[in-house]
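Everything below concerns the one structure shown next.
Hydrogens, waters and symmetry mates play no part in the numbers below; they use all other heavy atoms, side chains included. What you see is a predicted model; the values in this text were computed from it and never measured.
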Amino acid sequence: MRGRHRPRSRVCFRHDEQLGGYAVGVEGRFAGHSPAALERAITEERLRARWLRLPVSSDPAEPAEPSPPVPANGGEYAMRLGSDEVRIRLDPRARELGLHHVFHGAEPWRNGLAAARCAAAWEACYGRLATLLEGGSPRRPRLPVSRALAMTSGFAQHRGTPHLTLAGELIRFDRDLLGLSREYVWSVLHDGVAPTANAAGFPFRAGTVTELVEGRVLEFEAGHDRGPAGSVRWELHETPGYGAWIRLDHLVDARSRPAAFAFMAAWHLHLLVLMRRMHGLASGAGPVEGSELTALTERYQRWFPDHFAEFWIP
């Protein structure tokens with residue numbers, strides 16, 4: 001009878017003032033299982049250890065385990081997960097288990113950078129809980145990376161953002177590396193001598209390296225077919241309890257300012273493919289095509305209508 005009563009889950013990510021910050025919410029309906037069984041799965045340490053271990057990477061040896069649940073107001077249970085807070089509420093009539101993971105870490109984590117990873121991981125926990133309730137043996141915790149990448153897009157965390165700085169127009173992308181090591185990602189961006197094609201991106205060419213901090217910072221001048229593109233900077237960061245994340249900054253050359261939206265679209269598509277490749281997944285796309293780049297450029301113009309006033313569409 002395994003699989004008969006798999007949970008139907010709903011996932012969201014939002015800023016919630018009542019919860020006190022950015023939070024991932026996961027709700028699962030466990031039809032066919034008694035409220036008492038669900039309660040025991042939360043409160044009994046032996047059962048809880050078999051499903052409530054959050055996978056933080058595709059390596060099953062590194063799950064994160066929340067603190068023991070403490071009864072809170074309104075029938076909730078509160079737990080700590082590093083600097084974050086996790087709240088679980090059981091609705092016995094609907095046989096629903098609702099969970100909120102509230103981010104309280106340092107920037108940019110407190111703004112929900114790990115939201116997609118955590119949402120996918122909590123869904124995996126719910127799946128292990130369903131297996132446990134059905135009398136099965138849950139598999140070892142492992143992050144479903146493909147699902148996390150899909151949620152990155154679903155939560156709009158794959159988008160770049162424009163910033164006006166004293167030095168000019170800046171394009172920025174921050175991405176959770178979903179458990180990848182900083183050392184591995186550095187080897188993808190720099191071959192020990194020069195920036196790789198992965199660092200240069202499409203349609204850019206890497207030029208003179210202006211800053212190099214081994215394993216952490218790679219900055220270089222970039223060009224494209226129409227002239228200087230500006231300065232590209234990769235930064236690799238690691239935060240205890242959260243893992244590694246990457247920041248890509250592109251300071252647009254004033255002569256290429258009309259192409260800034262197209263540059264954002266190009267980096268957007270490049271990062272989507274690069275993340276899948278680094279995780280050993282099929283890229284899901286070939287070389288960036290003009291029609292795809294044009295469509296995404298137009299979407300960036302709609303998303304940020306007050307930036308980069310002089311538009312250029314490839």
- [ ] List the steps and the verdict of side-chain contact (heavy atoms from CB on, under 4.5 Å) for Met275 and Arg175.
- [x] CA-CA 9 Å; Met275 284 292 291; Arg175 293 293 295 270; 3.8 Å; yes
Open item on the list: Once ring pair (Phe, Tyr, Trp, His ring centres under 6.0 Å) is applied, do any residues pair with Phe103, and if so which ones, sequence neighbours excluded?
Closed with: His101
Task: Between CZ on residue Arg277 and CG on residue Leu281, distance to nearest 0.5 Å - done: 12.0 Å
Task: Residue pair Tyr184, Met278: steps toward the side-chain contact (heavy atoms from CB on, under 4.5 Å) verdict - done: CA-CA 9 Å; Tyr184 167 68; Met278 288 195 297; 3.9 Å; yes
Open item on the list: Show, in sequence, the C-alpha distance, side-chain angles and deciding distance for His250 and Phe173, and conclude whether the ring-ring contact (aromatic ring centres under 6.0 Å, His included) test is met.
Closed with: CA-CA 9 Å; His250 184 156; Phe173 287 83; 10.0 Å; no
Open item on the list: Applying ring pair (Phe, Tyr, Trp, His ring centres under 6.0 Å), can you list everything that pairs with Trp51, at least two apart in sequence or on another chain?
Closed with: none
- [ ] Could you list the residues that satisfy ring pair (Phe, Tyr, Trp, His ring centres under 6.0 Å) with His268, not counting sequence neighbours?
- [x] His158, Tyr300
TODO: Flag the pair Tyr126 / Phe30 as yes when their ring centroid distance falls below 6.0 Å, and as no otherwise.
DONE: yes
TODO: Any chance you could measure Arg216, atom CZ, to Glu238, atom CD, to the nearest 0.5 Å?
DONE: 8.0 Å
Task: Ile88 CD1 to His100 NE2 distance, which is reported to the nearest 0.5 Å - done: 11.5 Å
- [ ] Step by step, work out the side-chain contact (heavy atoms from CB on, under 4.5 Å) result for Phe204 and Val232.
- [x] CA-CA 10 Å; Phe204 309 109; Val232 173; 5.6 Å; no
- [ ] Take Asp225 and Arg205, measure what side-chain contact (heavy atoms from CB on, under 4.5 Å) needs, and give me the verdict at the end.
- [x] CA-CA 9 Å; Asp225 290 342; Arg205 297 181 302 274; 3.2 Å; yes
- [ ] Any salt bridge (charged side-chain N to carboxylate O under 4.0 Å, His left out) involving residues 239-253? Give me the pairs, sequence neighbours left out, ordered by first then second residue.
- [x] Arg172-Asp249, Asp174-Arg247, Asp253-Arg255
Task: Arg29/Glu27 salt bridge by N-O under 4.0 Å criterion - done: no
Task: Common cluster, Tyr77/Leu81, ILVMFWY with side-chain heavy-atom separation under 4.5 Å - done: yes
Task: Atom pair CZ/OG of Arg276 and Ser146 - distance to nearest 0.5 Å - done: 4.5 Å
TODO: Could you pull out all residues at least two apart from Arg233 that satisfy salt bridge (charged side-chain N to carboxylate O under 4.0 Å, His left out)?
DONE: Glu211, Glu219, Glu235
TODO: For Phe13, enumerate each residue passing the ring pair (Phe, Tyr, Trp, His ring centres under 6.0 Å) test, keeping only those at least two apart in sequence or located in another chain.
DONE: Tyr22, Phe155
Task: Basic-acidic side-chain contact under 4.0 Å: Asp84, Arg110 - done: no
